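Structure record follows, encoded as structure tokens.
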Amino acid sequence: MGVITEIFNTISRVVVLPSFYYMIFQSAAPILLAALAVAVAIKANAINMGIEGIMTVTSLVCVLVSSAVGGQPAGGPWLGLVVAIIVGGLLGFAVSVFAFRLKIDIILVGIAMNLIGTGASVLLMYVLTGDRTTTTSLSSGTLPQLAIPLLKDIPFLGEVLSGHYVLTYLAYILVFVMSFFLFKTKLGLRIRAVGENEEAAESVGISSLRIKTIALIISGVLGGIAGAFMSECYLAYFSSGLIAGRGFVGLAACNMGSGNPGIICLCCLAFGIFYAFSNFSTLSNLSIYALNALPYAVVLVGVVIYSVYMRKKELKRLQGLESEENLEHGQPAK
Amino acid sequence: MKKLICILLACFMVFGLVACGDGAAPAPTAQPDNQETAEPAPADDKITIAYCINGTRGDKSFFDSGNEGMEWINRDFGDKAQAEVIEFTYDDTTWRSKLENVFMSEQYDIIIVGTYDMLGMTVELTEQYPDQKVWFYDEQWDFEANPRENVISLLFKQNEGSYVVGYMAAMASKTNHISFCGGMSNTVLLDFFAGYQQGAKAYNPDIIVDETWMDSFSDPSKGKDVASASYGQGVDVVFACGGSAGLGVFEAALEYPDVYVIGVDGDQGAMWEAAGETAKAEKTITSMTKNVNQGFYDTFKKELDGTLEYGQNYRLGVNGGYVGAAITSTTENVFTPEQLQAVKDVQAGIADGSIVVDTAF
């Protein structure tokens, strides 16, 4: 009983705070970027499991580049972002080379990428900065926060929607861009065609290898943006535990959304709501472990519900096909 | 194309090996005409110490402070002692075998190991190796259940230091609402909280003290979010208490006006100042220092004198300066001299026993 009242008390206290909603949008953004990165690859039937590793490496790289050119005043964060995007693209390309040219199982490549990402980033950090856990000794700076004119003056809404980091806005804009890209452009169509049926795509002259490689490079680029988000927006430095499974949550969100950017965005926001809630609730009766597991539990439950729903839908479709066939053969449908 | 990729990969792997080797040890080690440095003779007359870190150096607080203690011992007693630091890294699945290796090697007179995570395996290993001296730090050793003649346990009275900074937090708070932002909820961290809460209530009985947990010692983004949530709810002083995850609290403080942070373990205000991050230094009103370095150093001096008695707990508190509140220029700007005097009185009160601090042990 006490727990339930506690939850209600926390909810009623939290829903009126603009900073609560602000945190939802901010904490969902890196997961959204990661999920979109996975989505592009998955549409081409290439699973980019290594997204966590790509994010780790790129988040370190952009901090190093930014501080090397002089940090915030010299525009270092922007250059860091560009380099992170390039490195992310290269890592995506590396995944495709290992998986499709050297014929290694793409799941194994992903796992290797995650392991190398954590190891190499710590090694690189130690060799270049002498630090082993964080790069706080470097002043790499952050990308700017945008105050949106007009919107920022609206009392409640302004505090929630204005003043986010550039990349937060970019993440939500990318939802529309990726929808358009995947469903309305020639390359997007080819990516989906290769993902649906490789042989059929090959038979009409599409090189599935090329399309998959391109999809993985785009995936890497988005992973690079996600990495830069963590070390140049969320925080102003890199730390070895910084990514903390966000790439994996992105993978789950992508599966829940079946690679559809709009649904992915909703899944990420759902995660963000529970994540923010777990941060805002202070302890008395609530168990901290239950609270911190809550966002992940929600993702898990979501995946289960989604797959059950999809299976029912598929069954219905098959039944429909059957009855259509029956009609064609002159037999009444049951 | 395939060949080219194979060659490139081979080059990459060789480079990787070289790079890894570089990180572990400098390449030119085996120089025949320089045998003394290449192979240090087993020092029979020297006391050898292995300080086992279940993590790595560079956490800017706890392990680094212990590492400094080892450096002091090597510097001041280089002729009598040789202290080494062994990093177990954060992969907790390997800790057990690594610690067992250190015990089995029988190279060290004293093994220093600590924290809650290492307690169980150390209890077992000290029974298997009854002649191996072990200093166990930062967690209560139950000598009644596990009597060991070869073990001492060094406990830092973090509750006493936390009492002092809790008192200061209540003094600095204008909203009468402060919070504690812990790493993971274990007895040591709860001990921090117990002292912090009591200290704050001692200054202002009506103050609200929130208890929040990051559930991580390594993810600063989680620390930032938890602290942002607190600041967003009207808290104006947060005690950041959780390794490198706690560093995220300082990031959150930058985004809110008129809020403060209290650091932990090391003097984090001085650390930000030294790193050129003045904005963060100005948010850090004090740090609860846990002088692991001083603790190890003084214990080693006792060992040399032969006054160290094994088989018991040593509790290191405000008395002796093992825990306390760091004073930086920010501290002097935020607090008036009278207030700082009051803080000193509180410290003196704890040291002479007139103030009894709650503990979670």
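This one's a predicted model, so the numbers in the text were calculated from it and none came from an experiment. Chain naming here is simple, since letters A, B, ... match the order of the sequence lines and numbering starts at 1 in each.
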Which bit of Leu247(B) is near chain A, if near means a heavy-atom gap under 4.5 Å: side chain, backbone, both or neither? both

With a 4.5 Å heavy-atom cut-off (strictly below), which parts of residues 177-199 of chain B touch chain A? List them by number. Ser185(B)

From CA spacing to verdict: side chain to side chain donor-acceptor pair (under 3.5 Å), Asn204(B), Asn176(B): CA-CA 8 Å; Asn204(B) 176 1; Asn176(B) 280 335; 2.9 Å; yes

If I measure from the heavy atoms of chain B, does Thr142(A) come under 4.5 Å with its side chain, its backbone, both, or neither? neither

If you look only at pairs with a residue in residues 239-262 of chain B, which of them pass as a side-chain hydrogen bond (donor to acceptor under 3.5 Å, both in side chains), with sequence neighbours excluded? Tyr165(A)-Glu255(B), Lys224(B)-Glu255(B), Glu251(B)-Lys280(B)

Pick one of side chain, backbone, both or neither for Leu17(A), based on which atoms fall under 4.5 Å of a heavy atom in chain B. side chain

Excluding sequence neighbours, so at least two apart, what forms ring pair (Phe, Tyr, Trp, His ring centres under 6.0 Å) with Phe280(A)? Phe20(A)

For chain A, which candidate among Ala274(B), Ser218(B), Ser216(B) shows the most heavy-atom pairs at distances under 4.5 Å? Ser218(B)

Is it true that the NZ or CZ of Lys103(A) lies under 6.0 Å from the centre of Phe98(A)'s six-membered ring and within 45 degrees of the ring axis? no

Can you see whether Ser173(B) engages Asp236(B) through a side-chain donor-acceptor pair at a distance of less than 3.5 angstrom? yes

Consider only side-chain N and O atoms of Asp210(B) and Thr212(B), and report whether a donor and an acceptor are under 3.5 Å apart. no

How would you list, by chain and number, every residue that makes a ring pair (Phe, Tyr, Trp, His ring centres under 6.0 Å) with Tyr21(A), sequence neighbours excluded? Phe156(A)

Among Glu87(B), Met271(B), Met214(B), Lys222(B), which residue has the highest count of heavy-atom pairs closer than 4.5 Å to chain A? Lys222(B)

Should the pair Arg246(A) and Tyr234(A) be classed as cation-pi, given the thresholds of under 6.0 Å to the six-membered ring centre and 45° from the axis? yes

